[in-house]
Asker: 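Take this structure first; my questions come after.
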Amino acid sequence: MSTKYEWTNSLFIAFTLALCMFILVDINYNERIWEFDSFALKIRVQAILITIVSFYAGSYLFRRIARYFIRKDTDEKRANWKEYLVVFLINFILINIIHLFIMFHVTAMGFKWRESLLINVSASVLLFLYYTMIRNGILSKDLIEQNLQLEKVKVNQLETELKFLKLQYHPPFPVQCLKHHLFPGR
């Protein structure tokens with residue numbers, strides 16, 4: 001996958017995450033996402049921007065974690081419980097930092113446990129799916145690189161065999177060289 005598609009996928013998932021948070025918060029406050037005034041629009045735009053910036057920071061962390069665990073276990077490419085635990089902790093920390101920052105500094109609202117629980121559950125599912133996409137993208141790139149290296153080795157082997165067969169096909173030249181070196185007077 002090219003870098004352009006990775007960027008657009010990340011942006012799409014960040015928007016989806018922000019919209020899920022808006023819907024969950026609006027359900028808690030008995031509001032509709034499409035009915036808002038200019039103050040609510042300003043808050044939503046700020047929240048979307050904060051979510052997108054945080055999401056790209058989290059995306060960078062996810063790529064680093066995935067590469068670390070893939071390189072660490074060269075024999076097995078399966079994810080283990082330690083990897084998922086690290087991803088869960090990072091999800092939990094990032095989601096709550098973003099949520100609390102938006103809630104207290106952007107909207108100036110109080111803390112609600114129900115709202116926080118809903119946001120943590122829904123965002124965690126989306127972020128786990130995103131992490132899985134990142135991990136599988138890295139594994140597929142590694143597989144493609146390994147296949148290219150294997151093809152290069154096969155091509156080199158075939159070229160070497162072809163050279164060897166060409167030498168066998170034209171034996172007079174090596175034989176004449178040997179005769180000249182072994183019997184210089186003739």
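Just so we're clear, the structure is a prediction, and the values are computed from it rather than from any experiment.
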Asker: Starting at OG of Ser59, measure out to CZ of Arg64 and round the result to the nearest 0.5 Å.
Answerer: 12.5 Å
Asker: List, by chain and then residue number, the residues other than Leu162 in its hydrophobic cluster (Ile/Leu/Val/Met/Phe/Trp/Tyr, side-chain heavy atoms under 4.5 Å); write none if there are no others.
Answerer: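 Answer for Leu162: none, a lone residue.
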Asker: Side-chain heavy atoms nearer than 4.5 Å, only ILVMFWY residues, links allowed to pass through others: does that put Phe101 and Ile93 together?
Answerer: no
Asker: Measuring from Ile98:CD1 to Ile50:CD1, what's the distance to the nearest 0.5 Å?
Answerer: 9.0 Å
Asker: Should the ring pair Tyr130 and Phe62 be called parallel, tilted or perpendicular, given that the plane angle runs from 0 to 90° and is split at 30 and 60?
Answerer: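 Tilted: the ring planes of Tyr130 and Phe62 meet at 30° to 60°.
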Asker: Are Tyr131 and Ile90 side-chain neighbours, meaning at least one heavy-atom pair lies under 4.5 Å?
Answerer: no
Asker: Who clusters with Leu129? Use side-chain heavy atoms, under 4.5 angstrom, across I, L, V, M, F, W and Y, and order the result by chain and number.
Answerer: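 Besides Leu129, the cluster holds Val125.
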Asker: With clusters built from Ile, Leu, Val, Met, Phe, Trp and Tyr whose side-chain heavy atoms come within less than 4.5 Å, directly or transitively, what are the remaining members of the cluster of Leu148, listed by chain and number?
Answerer: Ile144
Asker: Which other residues belong to the hydrophobic cluster containing Tyr60, where Ile, Leu, Val, Met, Phe, Trp and Tyr are joined when side-chain heavy atoms lie under 4.5 Å apart, directly or via other members?
Answerer: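 Listed partners: none, Tyr60 stands alone.
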Asker: Taking the side chain as every heavy atom from C-beta outward, state whether Phe55 and Leu94 have any atom pair closer than 4.5 Å.
Answerer: no
Asker: Could you see if Leu89 belongs to whatever hydrophobic cluster contains Ile97? Use Ile, Leu, Val, Met, Phe, Trp, Tyr and a side-chain cutoff under 4.5 Å.
Answerer: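 Different clusters.
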Asker: Taking all atoms of both residues into account, what is the closest heavy-atom pair of Ala66 and Glu83, and its distance?
Answerer: CA-OE2, 4.4 Å
Asker: Leu61, Leu139: one ILVMFWY side-chain cluster at the under-4.5 Å cut-off?
Answerer: yes
Asker: Treat each ILVMFWY residue as a node, draw an edge where side-chain heavy atoms are under 4.5 Å apart, and state whether Val53 and Ile95 are in one component.
Answerer: no
Asker: How many angstroms lie between atom CD of Gln149 and atom CG of Asn147, to the nearest 0.5 angstrom?
Answerer: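 If I round to the nearest 0.5 Å, the distance is 9.5 Å.
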Asker: Quick one: ring pair (Phe, Tyr, Trp, His ring centres under 6.0 Å) partners of Phe92, sequence neighbours excluded?
Answerer: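 Listed in chain order: nothing, the list is empty.
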Asker: For Arg63 versus Ile138, what's the shortest heavy-atom pair and its separation?
Answerer: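 Smallest heavy-atom distance, with atoms named: O-CD1, 4.0 Å.
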Asker: How many angstroms lie between CZ in Phe128 and CZ in Phe88, if you round to the nearest 0.5 Å?
Answerer: 6.5 Å
Asker: Anything under 3.5 Å between a donor and an acceptor, one on a side chain of residues 150-157, the other on a protein residue two or more places apart or in another chain? List them.
Answerer:
from   : atom 1 : to     : atom 2 : distance (Å)
Asn156 : ND2    : Lys152 : O      : 3.4

Asker: Same cluster or not: are Leu85 and Val121 linked, directly or through other Ile, Leu, Val, Met, Phe, Trp or Tyr residues, by side-chain heavy atoms under 4.5 angstrom apart?
Answerer: no
